[in-house]
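Working notes for the structure below.
The sequence lines fix the lettering, A, B, ..., with proteins before strands; numbering per chain opens at 1.
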Amino acid sequence: MPLKLPEYQAFSHQIIKWYRENPRDLPWRNSSDPYKIWLSEIILQQTRVAQGLPYYYAFTQAYPTVKDLALAPESEVLRLWQGLGYYSRARNLHFCAKFIWHELEGKFPTRYDELIKLKGVGSYTAAAISSFAFGEVKAVVDGNVFRVLARYFGIETDIASSKGKKEFETLANELIPADTPGEFNQAMMDFGARLCTPKNPDCTNCPIKSSCFAFQHQLVGSLPVKINKVKIKERSLNYLVIRCGTDWVWKKRGAGDIWEGLYDFPSEEISQQGGLLSEDPKPFPKKYRHLLSHQKLEAKFSEVEIPINNREKLAQWCENKGFELVAENEIEYLAKPKLIVNFLTDQGF
DNA sequence: AAGTCGGGGAT
DNA sequence: ATCCCAGACTT
């Protein structure tokens, strides 16, 4: 049963009132620079504020403007993104910066319909940028908004379905006030992040519990409904750590798999090195388990020492295989998956 | 509509 | 262990 307009206004008013008394102090707020807002939104996709904060500082310091980001090499951008995950975000970020600098005369798009055309900018991020930076009346719908709306209005639609996404976006856009859209969006997310949390929400101190459907019907623990269908595959990686003097053999990972654009080692059945190996690889004792959102990795590393007089042969082999010889003191500048960083740390790097 | 893409914190 | 985080893209 749809609520009447006055009740919508009451909800929005209460949310904003709560927000004005309980705002999070975040560095990208009170900035109307669309570049910095865009940067923060990309960093925060599927990422907690606490985890993203140090990356936001690193990026704004390294690249204060979209021009600085556009003129940086992708390798450097990925290295700065190292450890944050979902690396396509960093590649798309860099692509967009170049596009904006070279094709749009450095001028950031201002409207939702234009912003959503940018790589890596979906409905959430386009609404966030357009409302925060330009005051456009577009409601953000992130995990927080799903949760607050599902509970308050008692909506049982699966939030992972496209039907659910559409339904919640429609509702949020009916709720958002035309005079303070950005503030309402911030308020919804802060309310969900600090009070209406996934586990143990602070219903006792909730200013709208008396009209919250979930609270009144003991459904807080079962809303929102999210049908998860991620199947986790197990996968084993056998890495060869090939060294020749102070040079290491590295492989830049390609498309169609995890960690695209990042560096790790040659793996699997490199059993036929064409007589390059004088002796068998020596396995490192430790096995590494690494969890991704949809893969359970078990990695083993083996050490291969190439005699220095075979360096030319090794270099030729790398050339053929698409591997790269990297000097030991350059390794820190490669963007690497956390798994590889963990391994290197254990080796004293 | 379903599958893919990281890493970490809270419970 | 499980869930979820200021989601988006590809198939």
Cut-off 3.5 Å, side chains only: do [X] and [Y] have a donor facing an acceptor?
X	Y	answer
A:Y63	A:E76	yes
A:Y124	A:E41	yes
A:N342	A:T345	no

Requested in this report: Would you kindly give the NE2-to-P distance between A:H294 and B:dG6, to the nearest whole Å?
Outcome: 7 Å
Report task. Grab the CG-C1' distance between A:L292 and B:dG3 for me, whole Å please. Result -> 15 Å
Report task. Mind running a 4.0 Å heavy-atom check of residues 332-341 of chain A against DNA chain B and sending the residues that fall below it, in number order? Result -> A:P337, A:K338
Query raised in the report: Listed in order of residue number, which residues of residues 76-87 of chain A have a non-hydrogen atom at under 4.0 Å from DNA chain B?
Result: A:G83, A:L84, A:G85, A:Y86, A:Y87
Report task. Quick one: sort the A:Y152 and A:F11 rings into parallel, tilted or perpendicular, breaks at 30° and 60°. Result -> tilted
Query raised in the report: Relative to each other, are the rings of A:Y55 and A:W81 parallel, tilted or perpendicular (30° and 60° limits)?
Result: tilted
Which whole number of Å gives the distance between the [atom1] atom of [N] and that of [M]?
N	M	atom1	answer
C:dC9	B:dG8	P	24 Å
B:dG3	C:dA6	C1'	23 Å
B:dG6	C:dT11	P	15 Å

Requested in this report: Could you say whether A:N228 or A:T125 is positioned toward the 5' end of DNA chain C, judged by the nucleotide with the nearest heavy atom to each?
Outcome: A:N228
Query - DNA chain C: 5'-proximal contact among A:I116 and A:R24 (nearest heavy atom) - result: A:R24
Query raised in the report: Where does the chain A footprint on DNA chain C start and end, counting 5' to 3' with a 4.0 Å heavy-atom cut-off?
Result: C:dC4 to C:dC9
Query - Set of residues satisfying side chain to side chain contact (heavy atoms under 4.5 Å, CB included) with respect to A:L26, sequence neighbours excluded - result: A:R24, A:W28, A:R29, A:V49
Query raised in the report: Who pairs with A:T110 by side chain to side chain contact (heavy atoms under 4.5 Å, CB included), at least two apart in sequence or on another chain?
Result: A:F134
Query raised in the report: Between A:L291 and A:N200, who's closer to the 5' end of DNA chain B by nearest nucleotide?
Result: A:L291
Report summary line: Ranking A:S293 and A:K229 by the position along DNA chain B of their nearest nucleotide, the one closer to 5' is A:K229
Applying a 4.0 Å non-hydrogen cut-off, can you work out what [X] is touching in the nucleic acid: base, sugar-phosphate, or nothing?
X	answer
A:S123	sugar-phosphate
A:T47	base
A:Q295	sugar-phosphate
A:D257	sugar-phosphate
A:V121	sugar-phosphate
A:K233	sugar-phosphate
A:R147	sugar-phosphate

Report task. State plainly whether the residues A:E303 and A:R243 are in salt-bridge range, i.e. N to O under 4.0 Å. Result -> yes
**Report entry** Heavy-atom donor-acceptor pair, A:Q51 side-chain to B:dG8 base, under 3.5 Å
**Finding:** no
Report task. State plainly whether one hydrophobic cluster holds both A:F95 and A:W101, where clusters connect Ile, Leu, Val, Met, Phe, Trp and Tyr through side-chain heavy atoms under 4.5 angstrom apart. Result -> no
Closest non-hydrogen atom pair between [X] and [Y], with its separation:
X	Y	answer
A:Q347	A:F284	OE1-CE2, 3.3 Å
A:A133	A:S32	CB-O, 3.9 Å
A:A50	A:P54	O-CD, 3.5 Å
A:R89	A:I42	NH1-O, 3.1 Å
A:A97	A:W38	N-CH2, 4.0 Å
A:A126	A:L115	O-CD1, 3.9 Å

Requested in this report: Give a yes/no on whether any side-chain N or O of A:H290 is located under 4.0 angstrom from OP1 or OP2 of B:dG7.
Outcome: yes
Requested in this report: List in numerical order all residues of residues 37-46 of chain A for which some heavy atom is under 4.0 Å away from an atom belonging to DNA chain C.
Outcome: A:E41, A:L44, A:Q45, A:Q46
